[in-house]
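Presented below is the structure to which this report refers.
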2 protein chains.
Amino acid sequence: MSIAAFVEQAVTSADKTFLQLRVDIVEGAIPAGSKLSETELSTKYQVSRAVIREAINRLESCHLVERKANVGARIVSLTPEGLIQLYQVREALEGMAARLAAKNMSDEEIADLTALLDNHFQTVKGGESYYQEAGDLDFHYRIILGSKNQHLIEVLVNGIYHLIRMYRVQFGMAGPRVTTAFDEHKHVVQAIANRDEELAEMLMRRHILYSKNNIERKLLQS
Amino acid sequence: MSIAAFVEQAVTSADKTFLQLRVDIVEGAIPAGSKLSETELSTKYQVSRAVIREAINRLESCHLVERKANVGARIVSLTPEGLIQLYQVREALEGMAARLAAKNMSDEEIADLTALLDNHFQTVKGGESYYQEAGDLDFHYRIILGSKNQHLIEVLVNGIYHLIRMYRVQFGMAGPRVTTAFDEHKHVVQAIANRDEELAEMLMRRHILYSKNNIERKLLQS
DNA sequence: GTTGGAAATGATGTCGACAATATAGGCGTT
DNA sequence: AACGCCTATATTGTCGACATCATTTCCAAC
């Protein structure tokens, strides 16, 4: 089961505009904290204001923009505290996801996950740092999807992960920690393979907590 | 700090329609799983289709309705599995909320919370079952808000709690468990007052887990 | 009788125009 | 010069009409 199986393709014009805007926001083409003028965007993207409004509404439900009545929409502003709070939620949710994955993933899915990790290990040894982030993402996504919990999947995949990526891009952080994180991944998968829910959750929470601590250190020194 | 301080009042027409629709959906006036026709609703609520569309968009971000492009919106259908999954997410998030509340609530807020619980105890002894649900809600809301984590607050207050109430109303469940739940509340507050993050999280998780088990029993016997 | 397709119907998606509101700037007063 | 008010302007909110798409229905062919 590929991740691509879960990205619904854009059919309507509002869909495309939404996806485009989301990329532009996450990647920083439109600066964080800036105002989103409907008229301006409608000329820029060559669509009507109704389409822009629809796109902005969806961005708001991703927590990427905030709207005030009769005033307009602003892209959320990124703060160190906000990033910490995001990681706290992520710790809680992905911990639960790992617990549920240990219960609900099929043996085949677990085998695939193990294979993925071995594959990932080869490329890490090779020192290809580009594939690292994608590999990390794949690992986390598979466990989230493996929880089989729709609410969990929705909040993490459509909400939190885009925000985290936005922080990562705009705070100029490198991808996830390289060497140590890999062992942590391995242990989480082992716990899942052993169907040890308790341990899987604990290890995943620790893994994310370490990430958070790592980020906090980088934030302080900069 | 009252809960009312956090309910933004409706200023625009779409706001009012959204709030009205949300009540009608949660309380079951519009049956779960039914289709939401834009034209029909626009005549029923005496507003233009644009307003209805905006309202439906917001309902979608609460996970109360689902939309498909060029087809329309349906109210989510309620399933026992969905309710269980909801409680799993709730356990993870409110557990984390209790942990953060133990760290971040002010001494005054904790004193207020303790007073609330004493007050609640008096009414429970009096046997007034109506106030019970409100008291339970107040308890949980204060801890959620006490976490001081905006993401946590958003997801729980604007998302999950409305859904849970929808399940509670439409599955015809009584309010929260009466007698035992009160002791659990007391212990959570004690842990928070002692600033014991670990225990506060564990107790809150157990509290919600018991609720879930209680619900599962009721679902099976019906 | 069944199946396939095309037209008809009804819905959602998109658009431009108008109304209502917030903000900025200028003007007058103190 | 500072403050308040009022007007001007620009933005958002709302509306009705049109375009586009999904679904249904009906008819014809097999």
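What you see below is based on every heavy atom in this structure, not just the backbone, and it leaves out hydrogens, waters and symmetry mates. Every chain is numbered from 1 and lettered A, B, ... according to where its sequence line falls, protein lines coming before strand lines.
Remark: C1' of D:dT14 and CD of B:Gln46 are 14 Å apart, rounded to the nearest angstrom. To the nearest angstrom, C1' of D:dG13 lies 17 Å from CG of A:Leu36. Regarding B:Asn57, its CG atom lies at a distance of 13 Å from the P atom of C:dT12, rounded to whole Å. Rounding to whole angstrom units, CZ of residue B:Arg49 and P of D:dC15 are separated by 12 Å. Taking atom CZ on A:Arg74 and atom C1' on D:dT11, their separation rounds to 13 Å, with Å as the unit. Atom CD of A:Glu54 is separated from atom C1' of C:dG13 by 8 Å (rounded to the nearest Å). Atom CD in B:Glu60 sits about 10 Å away from atom P in C:dG13, given to the nearest Å. Between A:Asn70 atom CG and D:dG13 atom P the separation is 6 Å, expressed in whole Å.
Evaluated for a side-chain contact (heavy atoms from CB on, under 4.5 Å) with B:Leu156, the options B:Asn158, B:Ile160, B:Ile153 yield exactly one hit, B:Ile160.
The phosphate of D:dG13 has OP1 or OP2 within less than 4.0 Å of a side-chain N or O from A:Arg53. In this model, the phosphate group of D:dT11 is not approached by any side-chain N or O of A:Lys68 to a distance below 4.0 Å at OP1 or OP2. Look at B:Arg67 and you'll find a side-chain N or O under 4.0 angstrom from OP1 or OP2 of C:dG13. Between C:dG10 and B:Lys35, no contact under 4.0 Å exists linking OP1 or OP2 to a side-chain N or O.
The side chain of B:Thr12 lies closest to D:dG13, out of C:dT12, D:dG13, C:dT14. Listed candidates were D:dA22, C:dG13, D:dC15. Nearest to the side chain of B:Val71 is D:dA22. Residue A:Ser48 places its side chain closer to C:dG16 than to any other of D:dA22, D:dG13, C:dG16. The nucleotide whose nearest atom lies closest to any side-chain atom of A:Glu38 is, among D:dT12, D:dC15, C:dG13, D:dT12. Each of C:dT12, C:dC15, D:dT12 was ranked by its minimum atom distance to the side chain of B:Thr39; first place goes to C:dT12.
When each of B:Val11 and A:Ser13 is assigned the nucleotide of DNA chain C with its nearest heavy atom, A:Ser13 is the one assigned upstream, toward the 5' end. Nearer the 5' end of DNA chain D, as judged by each residue's closest nucleotide, is the contact made by A:Ala73, out of B:Ala50 and A:Ala73.
Contact annotation: the side chain of B:Lys212 approaches that of B:Ile84 to within less than 4.5 Å [non-hydrogen atoms, C-beta and beyond].
Here B:Ile56 lies out of heavy-atom contact (under 4.0 Å) with every strand.
Distance CD1/B:Ile25 to NE2/B:His162: 11.5 Å, rounded to 0.5 Å. A distance of 8.5 Å separates CD in B:Gln20 from NZ in B:Lys44, rounded to the nearest 0.5 Å. Here B:Asn104 contributes atom CG and B:Asn149 contributes atom CG; the two are 8.5 Å apart, rounded to the nearest 0.5 Å.
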